[in-house]
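What follows is a set of notes on a single structure, which appears directly below.
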Amino acid sequence: MSGLNVFNTLTRTKEKFEPINAPHVGMYVCGPTVYSDVHIGNCRTFISFDMIYRYLTYLGYDVRYVRNITDVGHLENDSDEGEDKIAKKAKLENLEPMELVQKYTNGFHSVLEQFNTLKPSIEPTATGHLLEQIEYVQQIIENGFGYESNGSVYFDVENYAKEHNYGDVSGRKIDELQNNTRALTGQNEKKCPLDFVIWKRADPKHIMQWNSPWGKGFPGWHLECSVMSTKYLGEEFDIHGGGMDLKFPHHECELAQNTAHSGKVNSVKYWLHANMLTLNGEKMSKSTGQYFLPQQMFDGTTPLLEKAYSPMVVRFAMMQCHYSSTMDLSNDALSAAEKGLTRLTNAMLSIDKIAIGKTSFLDVKALRIQCEEAMNDDFNTPVLIAHLFDAVKQINSGIVQEQSLTEEDKGLLKKVFSDYVIDIMGIKIEADNSHSAELEDRLIQLAVDLRTNAKSNKDWSTSDLIREELTKLGIQIKDAKGGTEWSK
RNA sequence: GGUUGCGUGGCCGAGGGGCUUAGGCACAGGUCUGCAAAACCUGCUACGGCGGUUCGAUUCCGUCCGCAACCUCCA
């Protein structure tokens with residue numbers, strides 16, 4: 001068995017990954033609605049797809065990775081009273097909507113950068129594609145799957161379902177959906193409760209609105225993803241990703257829009273979904289307050305954790321869990337990941353210490369194959385990590401026993417670790433610079449304390465040595481009455 | 001209530017009909033070490049309950065219990 005296999009939500013099976021136009025791969029991932037800070041749960045999805053993007057690239061594919069920014073159209077709920085999230089928050093924070101969008105887009109980028117995610121190839125915004133969205137809606141109406149009602153345009157689910165399946169992504173059946181639809185107020189504009197808005201009429205006081213053939217309004221939430229994926233990846237593309245919670249209604253609606261627009265049934269070949277991050281067994285969610293921000297985790301200011309954890313520790317903890325399984329974030333899990341990551345990186349850095357000889361104590365080629373097989377099995381990073389730890393144990397043991405590797409194997413071993421740990425899992429190995437200033441001060445203080453100790457023992461040669469060496473480094477020592485002071 | 005998925009050893013977390021000692025963390029004993037740390041060696045424990053299929057089930061089926069997600073905005 002060889003080659004990448006991915007779990008396709010559409011078929012609920014693992015399928016051999018065969019791009020439509022190899023070596024090109026088109027991947028679209030639903031980005032955030034930038035109306036507030038991203039939380040750690042949001043990050044998991046983007047980190048998961050970052051890993052997927054990295055692995056596809058490693059395999060030699062030329063990936064065009066599109067991840068959108070939703071900056072308009074995301075309604076609070078599906079009723080007619082639903083307010084646009086951006087508009088509502090802009091009012092609340094007393095900001096121009098685009099100012100709000102910029103603020104949270106900046107925050108989003110900053111957090112993802114700390115998690116060492118690669119930037120997407122294209123990061124389009126909904127407001128930057130209004131013309132395309134309007135044209136898209138017109139096409140849907142023309143094709144008979146949309147209708148205008150009181151200045152808004154709705155997607156005609158019933159009509160669509162006559163010709164196509166509706167519910168494939170989320171595994172729902174249209175009859176069940178109809179039976180289970182709650183009676184919401186203000187839905188009299190719709191022909192059927194399942195219909196969803198693709199263009200929404202704006203009240204005169206609404207702060208975000210644009211001219212359209214149906215009057216002033218703004219695009220519906222699901223629309224921008226259909227429009228932008230079509231524009232940048234084509235009417236049929238390889239991978240569509242996002243969080244599990246977007247399966248319904250967002251992805252279902254997106255797929256319906258795609259088909260209604262182009263007439264093509266297979267607009268997305270593989271639907272991939274990242275699972276939720278839970279906190280104390282419950283989903284993290286902005287709307288319920290059950291969450292904390294990444295920064296609070298990095299600096300240890302959330303009461304939900306005992307100490308601070310670096311972005312790389314968090315990222316590694318996520319990699320120890322399969323992207324499609326729910327992951328419960330806990331202090332124990334993070335501290336275990338922290339220690340494990342240290343062990344992994346220490347061993348990786350100590351490969352240099354291994355002697356070169358005529359034979360190898362470690363089957364490096366087999367290791368590489370195991371790693372590749374793990375990743376080929378639907379990006380199974382936990383199994384990948386297990387194989388790497390097996391190698392860690394052998395590396396450490398080999399060093400203790402002074403065993404050797406051939407020059408070729410040693411180079412290959414370094415490459416395997418570098419490929420899988422750094423390039424694919426995206427673990428950045430570097431000193432934690434954020435605490436270096438504090439560390440420096442503490443080290444100086446330590447030297448000063450040692451000198452004070454030597455002085456009290458009348459060990460003048462040691463105390464003078466410390467003072468001289470510190471002076472050479474630009475540190476001034478002053479023996480004051482109350483004790484030794486120093487300055488840089 | 002409906003739909004989907006999950007329940008693995010002290011904790012996290014893979015796997016998937018009969019040997020995977022999965023892996024990590026923790027724990028216990030040992031080697032090494034002036035002491036410690038690291039590293040190494042050894043040990044440790046599991047598949048929610050009850051039925052069924054099978055020569056054999058943690059793995060398949062049924063059922064019950066528990067949990068989660070979705071059904072309404074969410075990555």
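Quick caveat, the model's predicted, so the values are computed rather than measured. Proteins come first, then strands; the chains are lettered A, B, ... in the order of their sequence lines, and each starts at number 1.
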Can you tell me, in whole Å, how much space there is between the [atom1] of [N] and that of [M]?
N: B/C50; M: B/A14; atom1: C1'; value: 27 Å
N: B/G15; M: B/G24; atom1: C1'; value: 16 Å
N: B/A36; M: B/U8; atom1: C1'; value: 37 Å
N: B/G7; M: B/C41; atom1: C1'; value: 35 Å
N: B/A28; M: B/G9; atom1: C1'; value: 16 Å
N: B/C35; M: B/U42; atom1: P; value: 24 Å
N: B/A75; M: B/G23; atom1: C1'; value: 27 Å
N: B/G51; M: B/U59; atom1: P; value: 14 Å

Using the side-chain heavy atoms of [X], tell me which of these nucleotides is nearest: [options].
X: A/Lys85; options: B/C73, B/A75, B/C40; result: B/C73
X: A/Leu277; options: B/A75, B/C41, B/A39; result: B/A75
X: A/Ala336; options: B/C11, B/G15, B/C25; result: B/C25
X: A/Phe248; options: B/C40, B/C70, B/A75; result: B/C70
X: A/Ala333; options: B/C12, B/A14, B/A75; result: B/C12
X: A/Val383; options: B/A22, B/G24, B/G13; result: B/A22
X: A/Asp245; options: B/C70, B/C12, B/C40; result: B/C70
X: A/Arg12; options: B/C40, B/C12, B/G5; result: B/G5
X: A/Ser397; options: B/G23, B/C41, B/A14; result: B/C41
X: A/Arg172; options: B/G2, B/C40, B/A75; result: B/G2

Paired with [N]: which nucleotide, if any, by Watson-Crick or G-U wobble criteria at under 3.5 Å for both distances?
N: B/A28; result: B/U42
N: B/C70; result: B/G2
N: B/G34; result: none
N: B/U54; result: none
N: B/U63; result: B/G49

Whole angstroms only, please: what is the [atom1]-[atom2] distance between [X] and [N]?
X: A/Asn331; N: B/C25; atom1: CG; atom2: P; value: 16 Å
X: A/Asn275; N: B/A69; atom1: CG; atom2: P; value: 10 Å
X: A/Met319; N: B/A14; atom1: CE; atom2: P; value: 13 Å

Checking A/Asp352 against A/Lys410 for the salt bridge (charged side-chain N to carboxylate O under 4.0 Å, His left out) test, could you report, in this order, the C-alpha distance in whole Å, the side-chain angles of both residues, the deciding distance, and whether it holds?
CA-CA 8 Å; A/Asp352 280 327; A/Lys410 187 170 168 176; 5.2 Å; no
Are A/Phe49 and A/Phe379 an aromatic pair by the rule of ring centers under 6.0 Å?
no
Just checking A/Tyr420 against A/His387, ring centres under 6.0 Å apart?
no
Can you list the steps and then say if A/Phe108 with A/Phe46 is a ring pair (Phe, Tyr, Trp, His ring centres under 6.0 Å)?
CA-CA 11 Å; A/Phe108 170 66; A/Phe46 302 122; 5.3 Å; yes
side-chain contact (heavy atoms from CB on, under 4.5 Å), that's the test. Do A/Phe237 and A/Tyr232 meet it? Break it down for me.
CA-CA 10 Å; A/Phe237 59 96; A/Tyr232 298 111; over 6 Å; no
Heavy atoms under 4.0 Å, any strand shown: does [X] hit a base, just sugar-phosphate, or nothing?
X: A/Ser325; result: sugar-phosphate
X: A/His322; result: sugar-phosphate
X: A/Asn346; result: nothing

Contact check, side chains of A/Cys371 and A/Leu388, non-hydrogen atoms, under 4.5 Å
yes
Among A/Lys307, A/Met312, A/Arg343, exactly one meets side chain to side chain contact (heavy atoms under 4.5 Å, CB included) together with A/Glu338. Which residue is that?
A/Lys307
